[in-house]
Amino acid sequence: MAQYLLKNAAILTMDADFTLYEDGYLAVEGNSIQEIGPTAQLEESRFAGYTVLDCRGKIITPGMINTHSHLSMMVFRSLADDVPDRLKRYLFPLERTAMTREMAVAGANYAFAELLLGGVTTVYDAYYFEDDIAREAEKAGIRGVLSETVLCNPSPSAKEPYGGIPYTREFVKKWKGHPRITPAVNCHAIYTNDTAHLQECHRIARENSIIFCMHVAEMGYEQADCLRDHGMTPVAYLDSIGVLDNRFLAAHSINLEENDLDIYEKRGVKVSYNAGSNAKGAKGVAPIKKMRERGITVSLGTDGPMSGNTIDILTQLPLVGKVQKLFNHDRSLFPAKEIFEMATIGGAKALGLDGITGSLEVGKRADLVIFETDSVNMNPIYDYYSVIVYSANPSNVESVFVDGELVVENRRLLTIDLKEARSRMLAYRDEIAAIARELDKAVL
Ligand SMILES: [Zn+2]
């Protein structure tokens, strides 16, 4: 059984009181946090046989949580970044013509490397071939909430429309109860699913007490078509068909009216705020100030690598602060501490995992990050939260534990051969570039 003693570190616990130890220790036994406190109270003799890490000058935080991504899209990253209507013009055709099981696995495998090296210990993924992705996540040592995408069109993993539903049933049965992999249900959006299938997916989520995630109130046409077809906003429509509850995770949630916020609050809906993807897609600013004032859980996501490019959460943190301060014309809003809360315990709440991760507390799983502070961007430190939110980047992540296992040690991945993962993914580059050239021609 793994036993570690981390001492002499600044520890940001992100517990309900935001307890911060300027000079603290943390003991890991098996997959859990056994003890945490000020180093002055450490009785080191009680930890004989433990691997001791002297973390002087380092900062320990909970592992970060990315609550919205489509990891296998990694293989398409940097294509069509500036193309309008990228989803229908590029992404759907690329997936239709190119995406295979092997490609999805290669993309996800590389993505897991990037996530862990960036200090993300839990990720939510919605894509295709999720059974294979789950096996990769298992090997990578990351915590995953994973779901097969359901939509009305044939998909890379299903020839039949809505083939994601039988896939999801099998997937949930197979992975439920796994210590690190949690199955979930995903419908792509209201414009790619009809009412009956949305309700069927909600039933699967309810019967299994698992998360049901969708893209909600993200697109302009989604809003307009829903008003035309149903006479109400997407959120009001989803509520009218009975699929919103406290296990519903709404990604994006940009175009919300007051009544939509009322519904989120009443139903206990959780939100994944995708600051970078929303901004790059010129979609708008999600009203997360209003959400938080109503007590709605807001977490952070990156969206797929073709939308937000990077998938670590550290890169999102300054964006959250800057976009929201600018949007609300108020510098005092969203102090760094609150932004980091959304990145950690907020993410755990959104995924229904706050009982086991998201904060550093005795009994919770040891999912944590050790930041170095030797790099030029990390000094001076007056406010630890500010340093993490506005100064740190993934290269400052030194070591990472997931479920008590050391998965990144001194910036070296222990669970994935990065060189091998890269060449496996890049093997598809020429084929994808050729398809993209054809797509370019199609619109000229
Ligand atoms: Zn998405």
Side-chain angles (χ1 to χ4, degrees), residues 65-77 79-81 83 85-95 99 104 107-108 111 114-115 120 122-130 133 144-153 155-157 164 168 184-193 198 201 211-223 234-235 238 248-256 269-286 288 298-313 315-316 319-320 347 350-351:
I65 298 178
N66 182 344
T67 61
H68 188 71
S69 195
H70 317 288
L71 299 174
S72 302
M73 280 183 204
M74 183 58 79
V75 295
F76 304 137
R77 178 158 71 179
L79 263 181
D81 266 343
V83 172
D85 198 13
R86 182 197 50 101
L87 181 72
K88 290 178 182 164
R89 225 175 96 180
Y90 260 91
L91 187 56
F92 284 161
L94 266 174
E95 287 179 338
M99 184 54 72
E114 184 170 333
L115 289 163
V120 173
T122 300
V123 65
Y124 172 79
D125 185 50
Y127 206 62
Y128 307 105
F129 307 106
E130 284 294 329
I133 307 304
V145 179
L146 310 176
S147 56
E148 182 78 6
T149 301
V150 174
L151 75 174
C152 58
N153 304 317
S155 80
S157 56
T168 297
V185 182
N186 179 270
C187 285
H188 174 260
I190 59 166
Y191 53 90
T192 45
N193 284 270
L198 289 171
C201 286
I211 298 296
F212 181 23
C213 179
M214 281 180 70
H215 295 105
V216 181
E218 178 190 10
M219 305 292 199
Y221 57 78
E222 171 190 358
Q223 207 79 4
V235 173
L238 288 168
F248 192 93
L249 175 57
H252 300 286
S253 296
I254 300 166
N255 305 309
L256 298 187
V269 167
K270 317 287 196 293
V271 171
S272 177
Y273 174 42
N274 293 207
S277 167
N278 295 352
K280 182 165 158 253
K283 289 170 185 160
V285 177
I288 63 165
V298 179
S299 63
L300 304 182
T302 58
D303 217 350
M306 216 186 162
S307 304
N309 301 58
T310 49
I311 50 172
D312 67 89
I313 287 296
T315 316
Q316 298 296 312
L319 268 174
V320 173
L351 297 175

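Computed from heavy atoms alone, side chains included, the values below leave out hydrogens, waters and symmetry copies. Atoms within a ligand are numbered from 1 in the order they appear, just like the ligands themselves. For clarity, every value in this text was computed on a predicted model and none was experimentally measured.
Asp125 places no side-chain N or O within 3.5 Å of a backbone atom of Gly144 that could act as its donor or acceptor partner. Looking at Asn186, its side chain does come within 3.5 Å of a backbone N or O of Cys213 through a donor-acceptor pair.
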Begin from the C-alpha positions of Tyr124 and Ser147 and carry the test side chain to side chain donor-acceptor pair (under 3.5 Å) through to its verdict. CA-CA 8 Å; Tyr124 172 79; Ser147 56; 2.6 Å; yes

Could you walk me through whether Tyr191 and Glu218 satisfy the side chain to side chain donor-acceptor pair (under 3.5 Å) test, starting with their C-alpha distance in whole Å, then the side-chain angles of each, then the deciding distance to 0.1 Å, before giving a yes or no? CA-CA 11 Å; Tyr191 53 90; Glu218 178 190 10; 4.5 Å; no

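At a threshold of 4.0 Å, the pair Glu222-Lys283 does not count as salt-bridged, since none of the basic side-chain nitrogens sits closer than that to a carboxylate oxygen.
Take Asn278 and apply the side-chain hydrogen bond (donor to acceptor under 3.5 Å, both in side chains) test, not counting sequence neighbours, and it matches His252.
Listed by chain and number, the protein N, O or S atoms at a distance under 2.8 Å from the Zn ion (ligand 1) are His68 NE2, His70 NE2, His215 NE2, Asp303 OD1.
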